[in-house]
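I have placed the structure first, in the form of structure tokens, so that the comments after it can refer back to it.
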Amino acid sequence: MLKMADDKADLKVGGKLIKDLRVKDLKEELERRGLPKTGSKTQLVTRLRSQLQLEKLQAQPAPDQLPDLNEGADTDNEFVKQYLEQRQLLFKAQKEARRKLEEEERLGQSQGQGDVTLPSESESQSSKRGS
């Protein structure tokens, strides 16, 4: 139902350009997404366009490298810019946590912590009887 092209002016909903949708259709799309339905047609189009851009960003898989903030910098939408900045901060935190975990695993393996053996049940019972 939703089709997007590279150019933000070419965003489509239901096969129609969002700028060509009737106010009624714009309001239905905004309501479907839980967004406010008030304002002029220009405001509705802008709001829907921003939401579609956000949905497009959220649908992208997490990259193995830092996202390029300049990719969304051409937008005038502050919400999208803030979203991109938050995603970059989150990505950095996740990458750092993954690095620390891998480092701890390497240290644990090099110190032999991965080779810990537990006494068998019969050994633990015999040691309790001897006490």
Side-chain angles (χ1 to χ4, degrees):
M1 180 166 150
L2 173 67
K3 182 182 177 190
M4 295 188 194
D6 290 335
D7 185 11
K8 64 184 176 184
D10 290 337
L11 293 173
K12 293 183 179 184
V13 176
K16 293 183 180 180
L17 293 173
I18 59 173
K19 66 181 180 109
D20 294 337
L21 291 174
R22 299 177 301 175
V23 171
K24 176 184 174 190
D25 298 328
L26 289 167
K27 288 183 177 184
E28 286 176 4
E29 290 298 325
L30 290 167
E31 183 175 14
R32 193 173 301 147
R33 291 166 170 82
L35 297 171
K37 306 177 293 183
T38 58
S40 67
K41 180 174 181 176
T42 303
Q43 292 170 326
L44 299 176
V45 168
T46 301
R47 191 175 304 135
L48 183 58
R49 179 178 288 130
S50 297
Q51 180 63 26
L52 294 176
Q53 289 172 337
L54 179 61
E55 290 172 6
K56 180 180 176 182
L57 289 172
Q58 289 175 334
Q60 295 175 349
D64 288 338
Q65 53 186 320
L66 287 175
D68 182 12
L69 276 181
N70 294 329
E71 182 179 316
D74 62 339
T75 182
D76 293 334
N77 188 319
E78 282 300 315
F79 181 73
V80 173
K81 288 179 183 179
Q82 289 174 356
Y83 173 79
L84 289 172
E85 290 170 4
Q86 290 173 350
R87 291 285 294 191
Q88 187 170 31
L89 291 173
L90 177 63
F91 181 81
K92 285 179 182 179
Q94 289 174 340
K95 189 173 180 178
E96 181 64 20
R98 184 181 311 145
R99 186 193 63 75
K100 285 181 180 179
L101 179 64
E102 289 171 354
E103 186 177 313
E104 288 173 2
E105 288 175 350
R106 278 193 301 268
L107 287 174
Q109 289 174 355
S110 67
Q111 294 176 356
Q113 291 178 355
D115 298 327
V116 175
T117 56
L118 299 174
S120 66
E121 189 176 318
S122 60
E123 289 174 349
S124 62
Q125 288 178 355
S126 63
S127 64
K128 286 182 185 177
R129 288 184 199 141
S131 303

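Put simply, CG on N77 and CG on L54 are 9.0 Å apart, with the number rounded to the nearest 0.5 Å. How far NZ of K37 is from CD of E28: 9.5 Å, rounded to the nearest 0.5 Å. The distance from the CZ atom of R22 to the NZ atom of K16 is 6.0 Å, given to the nearest 0.5 Å.
Every residue meeting the side-chain contact (heavy atoms from CB on, under 4.5 Å) condition with K41, not counting sequence neighbours, appears here in chain and number order: V23, L26, V45. Considering only residues two or more places apart in sequence or on other chains, L90 meets the side-chain contact (heavy atoms from CB on, under 4.5 Å) condition with Q94.
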Quiz item: Would Q53 and L11 count as a side chain to side chain contact (heavy atoms under 4.5 Å, CB included) if you check the C-alpha gap in whole Å, the side-chain angles of each, and the deciding distance to 0.1 Å?
Solution: CA-CA 9 Å; Q53 289 172 337; L11 293 173; 4.2 Å; yes
Practice problem: Carefully, step by step, assess Q82 and Q86 under the rule side-chain hydrogen bond (donor to acceptor under 3.5 Å, both in side chains). | Solution: CA-CA 6 Å; Q82 289 174 356; Q86 290 173 350; 5.6 Å; no
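Without hydrogens or angle criteria, Q88 side chain to E85 main chain gives no donor-acceptor distance under 3.5 Å.
With salt bridges taken as basic N to acidic carboxylate O contacts below 4.0 Å, none links E102 and R98. A salt bridge between E103 and K100 is absent, with no side-chain N of the basic residue lying under 4.0 Å from a carboxylate O of the acidic one. Using a 4.0 Å cut-off between a side-chain N of Lys or Arg and a carboxylate O of Asp or Glu, E29 and R33 qualify as a salt bridge.
Side-chain contact between D25 and V13: absent, with no pair of heavy atoms (C-beta onward) separated by less than 4.5 Å. Using a 4.5 Å heavy-atom threshold, the side chains of R47 and L44 count as touching.
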